[in-house]
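Structure first, then comments.
The basis for the numbers below is simple: all heavy atoms, side chains too, and nothing from hydrogens, waters or symmetry mates.
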Amino acid sequence: MSAVSSRLPVFPWDKLEPYKATAAAHPDGIVDLSVGTPVDPVPDLIQRALVAAANSPGYPTVWGTPQLRDALTGWSERRLGARDVAHANVLPVVGSKELVAWLPTQLGLGAGDRVAYPRLAYPTYEVGARLCGAEPVSYEDPTELDPAGLKLLWLNSPSNPTGRVLDKAELTRIVAWAREHGVLLFSDECYLELGWEAEPVSVLHPDVCGGSYEGVVAVHSLSKRSNLAGYRAAFLVGDAAVLGELLQIRKHGGMMTPAPVQAATVAALGDDTHVAEQRARYAARRTALRAALEGHGFRIEHSEASLYLWATRDEPCWETVARLAQLGVLVAPGDFYGPAGDRFVRVALTATDERVGAAVKRLG
């Protein structure tokens, strides 16, 4: 076990604990804007679907019910603009983090293989490479990578942590490059429904992939758009050959989405009203926090989508974390997401209206 854990970086959030204690000592309590975990209620129609399916004594299937697969294909065509999405093009997974961490292993990657991800990125892309013994490689522009030995390329648009959105032309160029060099492309699109100053596009849009899903898979999650982080509900859409292989492997591994969660996912994907209502909540919090941060001397970069503001005071990120902790506000240091973030902090929009109001007041 130690041989495996020694490949991994120190779990970053443990380093934030002293600053969390400082922020928690504020007389009016902590405003935790560090972790992007939803705080608003799970919509009633989703809760009702979960409860209605609670009497599920048998094992669920890894591929999901036909109703779930219908919901996944229908949503992908309606929301992503994808065409001719069949059941073979979809696969439910037990939350997107599990998928990101174990995908390189399930793809059979190991020593001598390379896994690439953005230079500012969700840390689990690197963790997934290290778990299987592959070489993690970060990039500024993936098409400038040496394709030799590169087996898996991660895209993330909208980005966590920066909120940057890759436009249709960039995505098209990257997909073409990956196909030319035989590199499997996985696009993490978990924040796609949270565009503010840009309209995110999926790699599955026909203008990007040319109507073919060969070598391309998109990752989607209900954690943010439907407040279902506690349900572990996510799914893949794309290359049927890749998903078919993953399905066989995941059957052996027993990686099954619980039956009540499958039913809740069907309800969530069939309703747009709750998504619009949640977007409105986040938009109001984003407007308030952005104005307060800029008034406090911060500069916001990118942040045109997702659930975060990528902010800097042009000082080392840990100094910023300490400064804000004194005000009772906890944020994530940018170097959690790569050395290029060492002068930024990530400020999450996932706090209640009351706590966001408290942060705005303190920053003012």
Side-chain angles (χ1 to χ4, degrees), residues 42-100 102-103 106-107 186-190 192-193 202-206 209 211-214 216-275:
V42 174
D44 287 343
L45 85 160
I46 300 175
Q47 293 191 49
R48 290 195 299 269
L50 184 84
V51 172
N55 185 21
S56 297
Y59 289 113
T61 65
V62 172
W63 201 15
T65 63
Q67 293 81 7
L68 175 60
R69 282 178 260 141
D70 283 343
L72 299 180
T73 58
W75 181 87
S76 300
E77 292 186 349
R78 176 169 55 85
R79 183 61 186 85
L80 306 181
R83 294 177 185 162
D84 302 320
V85 182
H87 283 197
N89 298 114
V90 297
L91 179 64
V93 296
V94 191
S96 58
K97 183 169 186 175
E98 168 263 305
L99 182 279
V100 173
W102 293 107
L103 177 65
Q106 292 173 14
L107 291 173
F186 266 66
S187 180
D188 181 345
E189 301 175 353
C190 289
L192 184 132
E193 295 200 88
S202 173
V203 292
L204 303 182
H205 192 284
C209 68
S212 166
Y213 304 131
E214 180 185 356
V216 177
V217 177
V219 182
H220 284 273
S221 167
L222 279 74
S223 292
K224 306 303 194 293
R225 53 93 73 188
S226 297
N227 299 335
L228 295 190
Y231 284 44
R232 311 314 301 134
F235 57 95
L236 308 178
V237 189
D239 190 322
V242 174
L243 298 193
E245 184 68 17
L246 289 175
L247 174 60
Q248 295 306 314
I249 294 165
R250 294 171 69 84
K251 283 181 179 179
H252 284 290
M255 293 177 169
M256 301 173 283
T257 302
V261 174
Q262 293 189 30
T265 299
V266 173
L269 293 178
D271 178 72
D272 292 335
T273 301
H274 78 277
V275 179

Worksheet item: Run the side-chain contact (heavy atoms from CB on, under 4.5 Å) check on Tyr213 and Val242 step by step: do they pass?
Response: CA-CA 10 Å; Tyr213 304 131; Val242 174; over 6 Å; no

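- Partner Val219 forms a side-chain contact (heavy atoms from CB on, under 4.5 Å) with one of Leu99, Val237, Leu103 and no other, that one being Leu99.
- Annotation for Glu77 and Arg83: closest pair OE2-C, 4.0 Å, computed over non-hydrogen atoms.
- Side chain of Ser202 to main chain of Leu204: a donor-acceptor pair is present (N/O by atom type, distance under 3.5 Å, no hydrogens or angles).
- Smallest separation of non-hydrogen atoms from Ile46 and Ser226: CD1-CB, 4.0 Å.
- Residues in residues 51-66 take part in no salt bridge (charged side-chain N to carboxylate O under 4.0 Å, His left out) pair, two or more places apart or across chains.
- In this structure, CZ on Arg69 lies 12.0 Å from CG on Asn89, to the nearest 0.5 angstrom.
- Here the closest heavy-atom approach between residue Ser96 and residue Ser221 is recorded as OG-CB, 4.1 Å.
- The CZ atom of Arg232 sits 4.5 Å away from the OG atom of Ser223 when rounded to the nearest 0.5 Å.
- Within the structure, ring-ring contact (aromatic ring centres under 6.0 Å, His included) contacts touching residues 227-248 (residues at least two apart or in different chains) are Trp75-Phe235, His220-Phe235.
- The shortest heavy-atom contact between Ala268 and Leu222 is CB-CD2, 3.3 Å.
- Atoms CD and CG, on Glu193 and Leu80 in that order, are 8.0 Å from each other to the nearest 0.5 Å.
- Remark: Gln106 CD to Glu245 CD distance equals 10.5 Å, nearest 0.5 Å.
- Note on residues 54-74: no pairs pass ring-ring contact (aromatic ring centres under 6.0 Å, His included), not counting sequence neighbours.
- To the nearest 0.5 Å, atoms CG (Leu246) and CG (Leu107) are separated by 5.5 Å.
- We find the CG-CZ distance between Asp239 and Phe186 to be 8.5 Å, quoted to the nearest 0.5 Å.
- Residue Cys209 comes nearest to Val203 through the heavy atom pair CB-O, 3.2 Å, listed as atom of the first residue, atom of the second, then distance.
- When side chains are defined from C-beta on, Asp70 counts as touching His87, because their heavy atoms get closer than 4.5 Å.
- Within the structure, no pair that satisfies the ring-ring contact (aromatic ring centres under 6.0 Å, His included) test touches residues 242-269, not counting sequence neighbours.
- Residue pairs meeting the side-chain hydrogen bond (donor to acceptor under 3.5 Å, both in side chains) criterion with at least one partner in residues 258-272, sequence neighbours excluded, are Arg78-Asp272, Asp271-His274.
- In terms of the salt bridge (charged side-chain N to carboxylate O under 4.0 Å, His left out) criterion, residue partners of Arg250 (sequence neighbours excluded) are, by chain and number, Glu98.
- The two residues Ala263 and Ala53 have their closest heavy-atom pair at CB-CB, 3.6 Å.
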